[in-house]
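Please read all numbers here as calculations on a predicted model, not as lab measurements. Start at 1 with the first residue, then count along the sequence. In each ligand, atom 1 is the first atom listed, and ligand 1 is the first ligand listed.
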Amino acid sequence: MTFREGALHCDGVPMDAIARATGTPVYVYSGGAIRAAHAALDGAFQGYPHTLHFALKANSTLAVLRLLRGLGCAADANSGGEIEAALRAGFEPSQIVFTGVGKTRDELDGAVALGVKAINIESDGEAERIDAIARARGVKARVALRVNPDIDPNTHAHISTGLRFNKFGVPLEFAAALLRRIAAMPGLDPVGIHVHLGSQIVDVAPLGRAAQALADLATEVRAAGVPLRHIDLGGGLGVAYDGLTAADPQAYAAAVLPAIRPTGLHLIIEPGRYLVAPAGALVGSVADTKAYDGSPRFIVLDTGMTELIRPMLYEAFHRIVAVTPRPGAEGPCEVVGPLCETSDTLGHDRRFGPVEVGDLLAVLDAGAYGFVMASNYNRRRFPAEVLVDGGGWRVIRRRQTFDDLFATEE
Ligand code: LLP
């Protein structure tokens, strides 16, 4: 997403042309940005056997998944629905790792029947349930143990997962014993160990410490006869929502590979945000503006927390720009959505020049945890999605219709 001749473009295509054609709100994704992010991250691990399992929770629109699959990604699914999305996008079961706290019996049974690459086990009880399912089916299920290393990833509390008081995984000190138990269960094939510290991590040092903890655990349990094949370091690499500081893939690789290399185990990482966040913008139209003495100047968009809830849920900052800025003095303003909620503010205390009803504004870096977290609150319909790639653009998901919206009701 860059400005050219005073207007925002996506891979050379004017955003204005796209949004006028599709209507707003619309998510626009840059295929070029996804390819570039993939090349940077994959390139950083060149020279060590690895696979990038794209975390579908960040964006599971089928066309985006197909693009990533074409680049060589495998998949990290967090629910039966995400496994289904991965399959529909063409991933093989052997390319899917299945993570998630609270997997249901049906989800586990489905994953065992499919023969996914690994089910990432969250607890002793889950290990026993998968063992029983696999034995009933007369198969051995490939599993990895998710470890909670109690390491602070220095990110927002809502998206930290690797601390002891977080609900995820098995505390490190119980992991070796549980892996030995798993290895003795007839229905389970322990192929890996897994960790995910949290998300939007910019300081790679904690990721290095987690890699060391897992490498040490791998060495210990392999010596006890547990035949591991991979170490899965989860996702978490942060992007530059402020336009300034992102995690550096080279620094990430340099932080984790010294620990992983001596194990010789295949390395899995599960990036979500890093691959898709900067590639996406949410484009809305100005529905109203108002400024009265003693109150802020409001820019009211036709898009808000129903399309992008990150600012409201995590106090996340997203840059917001006018697609075709008008000349004139800038002033402070609140960029808000149309919902009947005070928290429906996309941008607090921003600066904009003159803005008129009908103008287009783009919320940047919205390609991850944007559409996937959308809701129909206020009976709003899911927006359209567009992919710009190969010099052209196309609608990859049409806007929901009212018929779609009511299709499941009595
Ligand atoms: N692997 C596991 C097991 C995860 O739980 C996650 C994210 C990922 C991989 C991908 O993490 P990433 O590379 O995208 O940081 N909705 C929040 C983010 C929640 C992330 C949850 N887990 C947000 O909008 O910031």
Side-chain angles (χ1 to χ4, degrees), residues 34 37-38 40-42 44 51-60 64 68 73-79 82-83 86 96-103 117-122 144-149 153-163 166-170 192-204 206-207 210 214 230-241 246-247 249 252 256 267-280 282 305 307-318 346 363 365-375:
I34 295 175
H38 177 269
L41 187 52
D42 197 47
T51 309
L52 307 187
H53 282 248
F54 174 63
L56 265 71
K57 59 174 74 67
N59 186 322
S60 57
V64 170
L68 285 159
C73 280
D76 162 31
N78 203 68
S79 67
E82 286 187 354
I83 291 179
I96 301 172
V97 294
F98 181 27
T99 318
V101 135
K103 303 179 202 76
K117 177 169 177 172
I119 302 174
N120 290 335
I121 291 185
E122 287 277 345
L145 181 63
R146 179 165 183 175
V147 176
N148 182 326
N154 298 326
T155 183
H156 195 294
H158 289 191
I159 50 179
S160 291
T161 42
L163 284 165
N166 297 137
K167 67 182 175 184
F168 300 94
V170 173
I193 47 180
H194 176 234
V195 71
H196 172 76
L197 280 195
S199 205
Q200 185 51 20
I201 300 172
V202 176
D203 169 13
V204 296
L207 295 166
L214 255 66
H230 74 244
I231 291 185
D232 180 345
L233 292 181
L237 279 201
V239 301
Y241 285 111
Y252 177 44
V256 303
L267 175 64
I268 289 178
I269 54 176
E270 302 171 348
R273 187 187 321 264
Y274 186 84
L275 293 179
V276 292
L282 170 63
M305 65 193 290
E307 290 73 43
L308 182 66
I309 201 173
R310 303 194 67 257
M312 304 79 188
L313 198 54
Y314 314 116
E315 293 161 10
F317 175 89
H318 284 259
L346 285 162
V363 186
D365 304 310
Y369 308 109
F371 190 103
V372 285
M373 295 177 77
S375 80

Practice task
Could you tell me whether the side chain of K103 and the main chain of I121 form a donor-acceptor pair under 3.5 Å?
Solution key: no
Practice task
Taking E270 for its side chain and L233 for its backbone only, find out whether a donor-acceptor pair lies under 3.5 Å.
Solution key: no
Handout entry: Sub-4.0 Å heavy-atom contact, G236 with ligand 1
Key = yes
Practice task
Compute the minimum heavy-atom distance from P271 to ligand 1 and say whether it is under 4.0 Å.
Solution key: yes
Fill in the blank from the handout: A student comparing R273, M373, K57, H196 should find that the heavy atom closest to atom 11 (O) of ligand 1 comes from H196
Practice task
Would you mind finding which of Y274, Y369, Y314 brings a heavy atom closest to atom 14 (O) of ligand 1?
Solution key: Y369
Is there a side-chain contact between [X] and [Y], using heavy atoms and a 4.5 Å cut-off?
{"X": "L313", "Y": "M373", "result": "yes"}
{"X": "L346", "Y": "H318", "result": "no"}
{"X": "L237", "Y": "P271", "result": "no"}

Ligand-side contact atoms (ligand 1) for residue partner [X], heavy atom cut-off under 4.0 Å:
{"X": "E270", "answer": "1 (N), 2 (C), 3 (C), 8 (C), 9 (C), 10 (C), 13 (O)"}
{"X": "A55", "answer": "8 (C), 9 (C), 10 (C)"}
{"X": "G272", "answer": "12 (P), 13 (O), 14 (O)"}
{"X": "T99", "answer": "3 (C)"}

Practice task
Using a 4.0 Å heavy-atom threshold (strictly under), name the region of D76 that reaches ligand 1: side chain, backbone, both or neither.
Solution key: side chain
Practice task
Could you tell me whether A58 approaches ligand 1 through its side chain, its backbone, both or neither, with non-hydrogen atoms closer than 4.0 Å?
Solution key: neither
Practice task
Please name all residues satisfying ring pair (Phe, Tyr, Trp, His ring centres under 6.0 Å) with Y369, sequence neighbours left out, ordered by chain then number.
Solution key: none
Exercise for the section: Would you check whether R310 has a nitrogen or oxygen atom less than 3.5 angstrom from a nitrogen or oxygen atom of ligand 1? Expected result: yes
Handout entry: Short side-chain donor-acceptor distance under 3.5 Å, K117 and H53
Key = yes
Problem - Under the salt bridge (charged side-chain N to carboxylate O under 4.0 Å, His left out) test, residues paired with D76 that sit two or more places apart - result: K57
